[in-house]
Asks: 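What follows is a single structure, and I will ask about it in a moment.
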Amino acid sequence: EMGEKTAIAVHACGFESEKEICEVAKLRLREALMHSRIQEIQDIIISGGPPFRKGTKLLAHLMGDFLVKEDVWNNFTMGKTKQSPRIHYATNCFDSSTDIQNILKIAKEQQFDSITAVSSLWHLWALKPLYRYWTNRLNYQGKIDFVSTDIDIDRRLTGIKTSLFYSFYSLLIELAIGFGLFKQLDKILSSVFSKRKNG
């Protein structure tokens, strides 16, 4: 639609080392770039508040560095010059719930009419109910779409433990929202995960 402002939101994963993001995060960023190309979307929101260690680069910023390099390399190999993506950093966050709140805040400020959230399939199980909850809560009027990374590659990179954890986690979120207990659950999880802010 003409004049519709859209952004792609890439959900962070983790670090390989202080200067390197994990393979799953790279997979998500490549997926986001591919989508931004196909749909000609300029704006990319990257979440990731925690540093590897206190005082080191934030996860989102390392992801941004990777995205820019990857984008430049793609353009070079395709012999194209195109506008680089506009990156918005959601860094006031440390878990899926705070990531989404931060992303939606940026979406409202920038007046994006829709967001395409990119993550791994197992992560999207938890993200979908959280997006539903927070779009209501924060009164974000835009549309949310979801795109998962390549399932086979992701499966090779992710342990079964992670998938199991997220299927349990997403069920917990759905139940908590259904029974009106999400606020309490969110508080508990936040106090556990907020330690990540220090790496």
Side-chain angles (χ1 to χ4, degrees), residues 6-15 21-22 24-25 27-29 31-32 44-52 58-60 63 88-110 112-151 154-155 157-199:
T6 301
I8 292 173
V10 191
H11 283 267
C13 191
F15 297 92
I21 56 173
C22 72
V24 172
L27 190 64
R28 292 176 189 176
L29 289 164
E31 188 70 42
I44 297 181
I45 305 170
I46 301 177
S47 76
F52 181 72
L58 298 184
L59 182 54
M63 287 177 70
H88 309 265
Y89 291 106
T91 54
N92 190 11
C93 46
F94 46 82
D95 65 357
S96 300
S97 182
T98 50
D99 280 3
I100 289 173
Q101 292 170 61
N102 232 235
I103 287 166
L104 292 174
K105 222 157 68 201
I106 292 170
K108 283 179 79 168
E109 279 160 16
Q110 300 287 328
F112 294 131
D113 301 303
S114 66
I115 294 172
T116 300
V118 175
S119 199
S120 308
L121 185 66
W122 47 267
H123 195 211
L124 290 177
W125 298 334
L127 293 182
K128 285 175 181 176
L130 286 170
Y131 265 106
R132 268 204 320 270
Y133 179 84
W134 286 116
T135 45
N136 269 336
R137 260 300 155 73
L138 301 173
N139 193 24
Y140 173 66
Q141 303 292 326
K143 192 162 123 302
I144 312 275
D145 293 307
F146 298 95
V147 168
S148 85
T149 50
D150 184 296
I151 295 166
D154 202 293
R155 199 171 282 144
L157 298 172
T158 317
I160 187 88
K161 275 216 302 247
T162 307
S163 303
L164 282 173
F165 169 79
Y166 273 92
S167 56
F168 168 72
Y169 180 49
S170 55
L171 187 67
L172 194 64
I173 293 166
E174 291 275 14
L175 287 171
I177 292 173
F179 287 107
L181 299 170
F182 181 72
K183 231 176 167 164
Q184 291 86 320
L185 174 70
D186 202 38
K187 249 202 192 105
I188 296 163
L189 294 174
S190 274
S191 67
V192 174
F193 290 131
S194 62
K195 297 183 188 66
R196 292 177 174 175
K197 283 192 284 199
N198 298 319

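All values below were derived from every heavy atom in this structure, side-chain atoms included, with hydrogens, water molecules and symmetry-related copies excluded. The chain is numbered in sequence order, starting from 1.
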Asks: Go through the steps for D186 and Y133 under the test side chain to side chain contact (heavy atoms under 4.5 Å, CB included), then give the verdict.
Replies: CA-CA 11 Å; D186 202 38; Y133 179 84; 5.9 Å; no
Asks: On a heavy-atom basis, which atom in W125 and which in S163 lie closest, and how many Å separate them?
Replies: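 Minimum heavy-atom contact is CZ3-O, 3.5 Å.
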Asks: Are there over 12 heavy-atom neighbours, none belonging to N198, within less than 6.0 Å of that residue's CG?
Replies: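 Correct, the count exceeds 12.
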Asks: For the atom pair OG (S120) and CG (D150), what is the distance rounded to the nearest 0.5 Å?
Replies: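 Reported to 0.5 Å precision, the distance equals 10.5 Å.
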Asks: Looking only at non-hydrogen atoms, find the nearest pair between T91 and G48 and report the distance.
Replies: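 Closest pair (atom of T91, atom of G48, distance): CG2-O, 4.1 Å.
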Asks: Taking the side chain as every heavy atom from C-beta outward, state whether V24 and D154 have any atom pair closer than 4.5 Å.
Replies: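 Yes; the side chains approach each other to less than 4.5 Å.
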Asks: Would you say the ring centroid of H11 lies under 6.0 angstrom from that of Y131?
Replies: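 Distance test on ring centres: under 6.0 Å, yes.
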Asks: Is the ring centre of F168 less than 6.0 Å from the ring centre of F165?
Replies: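 Aromatic pair excluded; centres sit 6.0 Å or further apart.
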Asks: Any side-chain heavy atom of L175 sitting closer than 4.5 Å to one from L171?
Replies: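 Side-chain contact under 4.5 Å: yes.
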Asks: Test of understanding: with side chain to side chain donor-acceptor pair (under 3.5 Å), list the residues that count as partners of N102, not counting sequence neighbours.
Replies: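 For N102 there are no side chain to side chain donor-acceptor pair (under 3.5 Å) partners, ignoring immediate neighbours.
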Asks: Looking only at non-hydrogen atoms, find the nearest pair between C93 and S47 and report the distance.
Replies: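 Closest approach of C93 to S47, heavy atoms only: SG-CB, 4.5 Å.
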Asks: Can a donor-acceptor pair be found, under 3.5 Å and without considering hydrogens, that links the side chain of R196 to the backbone of P50?
Replies: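 No, the answer is negative, given that no donor and acceptor are paired below the 3.5 Å cut-off.
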Asks: If you compare all heavy atoms of D145 against all heavy atoms of K143, which two are closest, and at what distance to 0.1 Å?
Replies: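 Heavy-atom minimum between the residues: OD2-NZ, 3.0 Å.
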Asks: Nearest heavy-atom pair of A7 and I45: which atoms, and what distance?
Replies: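 For A7 versus I45, the nearest heavy atoms are CB-CD1, 4.1 Å.
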Asks: Yes or no on side chain to side chain contact (heavy atoms under 4.5 Å, CB included) for Y89 and L58, after CA distance, side-chain angles and deciding distance?
Replies: CA-CA 10 Å; Y89 291 106; L58 298 184; over 6 Å; no
Asks: Report yes if some heavy atom in the side chain of I21 is under 4.5 Å from a heavy atom in the side chain of C13; otherwise report no.
Replies: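 No. Closest side-chain heavy atoms not under 4.5 Å.
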Asks: State, yes or no, whether a side-chain contact exists between R28 and H123 at a heavy-atom distance under 4.5 Å.
Replies: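 R28 vs H123: side chains touch.
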Asks: Just checking, any donor-acceptor pair under 3.5 angstrom between side chains of D99 and Q101?
Replies: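 Q101 and D99 do not have a side-chain donor-acceptor pair below 3.5 Å.
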Asks: Strictly distance-based, threshold 3.5 Å: is any side-chain N or O of T158 a donor or acceptor partner for the main-chain N or O of R155?
Replies: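 The answer is no, because no donor-acceptor pair under 3.5 Å joins these two groups.
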Asks: Do S119 and F146 come within less than 4.5 Å of each other through their side chains, counting heavy atoms only?
Replies: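 No, every pair of side-chain atoms sits at 4.5 Å or beyond.
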Asks: Donor-acceptor pair, distance only, cut-off 3.5 Å: does the side chain of K108 make one with the backbone of L138?
Replies: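 At least one qualifying donor-acceptor pair exists.
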Asks: Calculate, to the nearest 0.5 Å, the distance between atoms CG and CG belonging to L121 and L127 respectively.
Replies: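 L121 atom CG to L127 atom CG measures 10.5 Å (nearest 0.5 Å).
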Asks: Going from CG on N136 to CD1 on I177, what distance comes out if it is rounded to the nearest 0.5 angstrom?
Replies: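 The distance works out to 9.5 Å.
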Asks: Heavy-atom distance under 4.5 Å between the side chains of L104 and I144, does that happen here?
Replies: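 The answer is yes; the side chains approach within 4.5 Å.
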Asks: Are the side chains of W122 and Y169 in touch, meaning some heavy atoms are under 4.5 Å apart?
Replies: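 No, side chains not in contact.
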Asks: Can you tell me how far CD of E174 sits from NZ of K128, rounded to the nearest 0.5 angstrom?
Replies: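 Reported value, rounded in 0.5 Å steps: 10.5 Å.
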Asks: Working to the nearest 0.5 angstrom, can you tell me the gap between I44 CD1 and T6 OG1?
Replies: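 Answer for the CD1-OG1 pair, I44 versus T6, is 12.5 Å.
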Asks: For the atom pair OG1 (T149) and CD1 (I151), what is the distance rounded to the nearest 0.5 Å?
Replies: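 Output value for this atom pair is 8.0 Å.
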Asks: Is there a side-chain contact between F182 and R137, using heavy atoms and a 4.5 Å cut-off?
Replies: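 F182 vs R137: side chains apart.
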Asks: Indicate the atoms forming the closest heavy-atom contact of F193 with D95, along with that distance.
Replies: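 Smallest interatomic distance, heavy atoms only, reads CD1-OD2, 3.5 Å.
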